[in-house]
Peer 1: 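Quick one: structure below, then a few questions.
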Number of protein chains: 2
Amino acid sequence: MQKYSKQTRVLLAVDCIIFGFDGDELKILLIKRAFNPEKGNWSLMGGFVQTDESVDQAANRILKDLTGIEGVYLEQLYTFGDPHRDPTERTASVCHFALVDLNKYEAQLSNDYHAEWFPLKRFPKLIFDHNDMVEMAKKRIRYKAAFHPILFELLPDKFTLPQLQNLYESVYNTTIDKRNFSKRVLATGLLIKLTEKDKTGSKRGAFFYRLNTQNYYAKFQAFLNFIPNPDTLRY
Amino acid sequence: MQKYSKQTRVLLAVDCIIFGFDGDELKILLIKRAFNPEKGNWSLMGGFVQTDESVDQAANRILKDLTGIEGVYLEQLYTFGDPHRDPTERTASVCHFALVDLNKYEAQLSNDYHAEWFPLKRFPKLIFDHNDMVEMAKKRIRYKAAFHPILFELLPDKFTLPQLQNLYESVYNTTIDKRNFSKRVLATGLLIKLTEKDKTGSKRGAFFYRLNTQNYYAKFQAFLNFIPNPDTLRY
DNA sequence: GCAAAAGTGTTTTTGTTACACCCATGT
DNA sequence: ACATGGGTGTAACAAAAACACTTTTGC
């Protein structure tokens, strides 16, 4: 079959913003770019979409190749298409974000992949338009997490209510009444209380919970309330 | 500067789903494709991103070139990147959706551009993955319009509350109590009541309203409630 | 004078917020 | 025994839902 003649072909890239939570603040995973231009500068995880590979597959492959991470929450965010965003050659980038349990990967990342976690509140200048991408991803997470249970993806399988509350307080840079918070999250029916306690955070210990995966998938797309006064939130 | 060698270059397209409201139901604007493959078959408005043109600019240009429509609400939806979505040659499509006042363009469209409005509930089979695009756009609109005042973009500058309610009822395929509906929308502070009445819909006539553009832009990103029981909505 | 659509208010129910004390345990 | 963080209930308030009648006017 004949081709579309006289049209510009461009490079198609995928970039991924990987979010993690260390129990205290949100972090993003960055890597030192391995090739020119901007070799050695901090960058998001990125790569080119290969022949016979979908954008989706490319995002998962790049995540795996650059960090060893796979099977995590990954969502398409936005396509950045300024003609000069990469000075080398025209490249459109389909930006994604991922949410991972940071503790699960911490060791492997710095040893095997030379990737580093940086606090979302202070991280280096990134190559090209990657800072814009992070800004957009941050807004998207805050937007989506107000109504959908995506932040659980940042926690281990077993977690405590105080841990969960810390996470929400950190993402929204606010403090939440713990009585109201536990009522709200338990009312979603997404959590199962375990008999085991986490004794690392206090003498008394806090009960572990885990996700009810049935309900989690069933209600993922519903509008659940996770934060107070969501109507005052901007994105 | 050297290029990225050994990488696949692909065509970058933009497709636009254009939504309109005829007072009774949601419609989408389709066009008969002008070139091969699939020449003569129904298609979304689409075209290739040109050299030195951003994806954003391309979306606006394509809208203008194919329909004469400009200056309307246009939002990036999703990038479709299956390697075989266009059998001719690998093409990634950055899909957008637009919301327009259908009455403003109706005549010009069929006379000058041979585009046609089809009801969202029954429209022909489209080329490539365009049906998937429409499906996703439909979900996105329902999702977004539950909390943000985007549906006003589908109405003329002057509109009545019954017209507005028809629109919401049509988008959500439901019926809404008119007393609660008017309370909800007037409580947003987005509407200004005019002295003039629309006498076409009834003998008594219904008051026209127009948007308070100040408040519209200020509150566009806030979470406003436009529909009953949004928590039961899926997207 | 009646049919057809517009407009309006109140009560009930539900959900959200504010708020303070006791508990368990390691030291 | 005390310091530290974990856990819980209730009352006040705000928001949403349910609900029915009157108004206008062209025919």
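First the proteins, then the strands, lettered A, B, ... as listed; each starts at 1. Worth knowing before you read on, the calculation uses all heavy atoms, side chains too, and leaves out hydrogens, waters and symmetry mates.
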Peer 1: Not counting sequence neighbours, which residues clear ring-ring contact (aromatic ring centres under 6.0 Å, His included) with B/Tyr113? List them please.
Peer 2: none
Peer 1: Over how many whole Å does the gap from B/Asn225 atom CG to D/dA14 atom P extend?
Peer 2: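 Value for this atom pair: 18 Å.
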Peer 1: On a plain distance test, is the side chain of A/Lys193 in donor-acceptor contact with the base of D/dT8 below 3.5 Å?
Peer 2: no
Peer 1: So A/His148 and A/Phe220, would you call those rings parallel, tilted or perpendicular, with 30° and 60° as cut-offs?
Peer 2: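 Geometry flag for A/Phe220 against A/His148: parallel rings.
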Peer 1: Please identify which of these residues, A/Leu102, A/Asn103, A/Asp101, A/Leu164, meets the side-chain contact (heavy atoms from CB on, under 4.5 Å) condition with A/Leu155.
Peer 2: A/Leu164
Peer 1: Over how many whole Å does the gap from B/Asn229 atom CG to D/dA16 atom P extend?
Peer 2: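 To the nearest whole Å, that distance equals 11 Å.
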Peer 1: Please report the distance, rounded to the nearest Å, between CG in B/Leu164 and C1' in C/dA6.
Peer 2: 15 Å
Peer 1: Do B/Asp198 and B/Thr160 have side-chain atoms, one donor and one acceptor, less than 3.5 Å apart?
Peer 2: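 No.
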Peer 1: Once you round it to whole Å, what is the distance between P of C/dG15 and CD1 of A/Ile227?
Peer 2: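 Distance check: A/Ile227 CD1 to C/dG15 P gives 19 Å.
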Peer 1: Using whole Å, report how far CZ of A/Phe207 lies from P of D/dG5.
Peer 2: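 So the CZ-P distance, A/Phe207 to D/dG5, works out to 19 Å.
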Peer 1: Using the 3.5 Å cut-off, write out each protein N or O paired with an N or O of nucleotides 20-27 of chain D and the distance between them.
Peer 2:
unit_1: D/dT23; atom_1: O2; unit_2: B/Arg204; atom_2: NH1; d: 2.5

Peer 1: Output the rounded distance in Å from CD1 (B/Ile176) to P (D/dC19).
Peer 2: 16 Å
Peer 1: Looking at the base of D/dA17, is there any donor atom on it, or on the side chain of B/Asp177, that sits under 3.5 Å from an acceptor on the other one?
Peer 2: no
Peer 1: Should the pair B/Phe223 and A/Phe147 be assigned to parallel (<30°), tilted (30 to 60°) or perpendicular (>60°) ring geometry?
Peer 2: perpendicular
Peer 1: Given atom CZ of B/Phe181 and atom P of C/dA6, what is their separation to the nearest angstrom?
Peer 2: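 Between P of C/dA6 and CZ of B/Phe181: 13 Å.
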Peer 1: Rounded to whole Å, please give me the gap between CG in B/Asn180 and P in D/dA16.
Peer 2: 10 Å
Peer 1: Check the orientation of A/Tyr172 and A/Tyr168. Use parallel for under 30°, tilted for 30 to 60°, and perpendicular for over 60°.
Peer 2: parallel
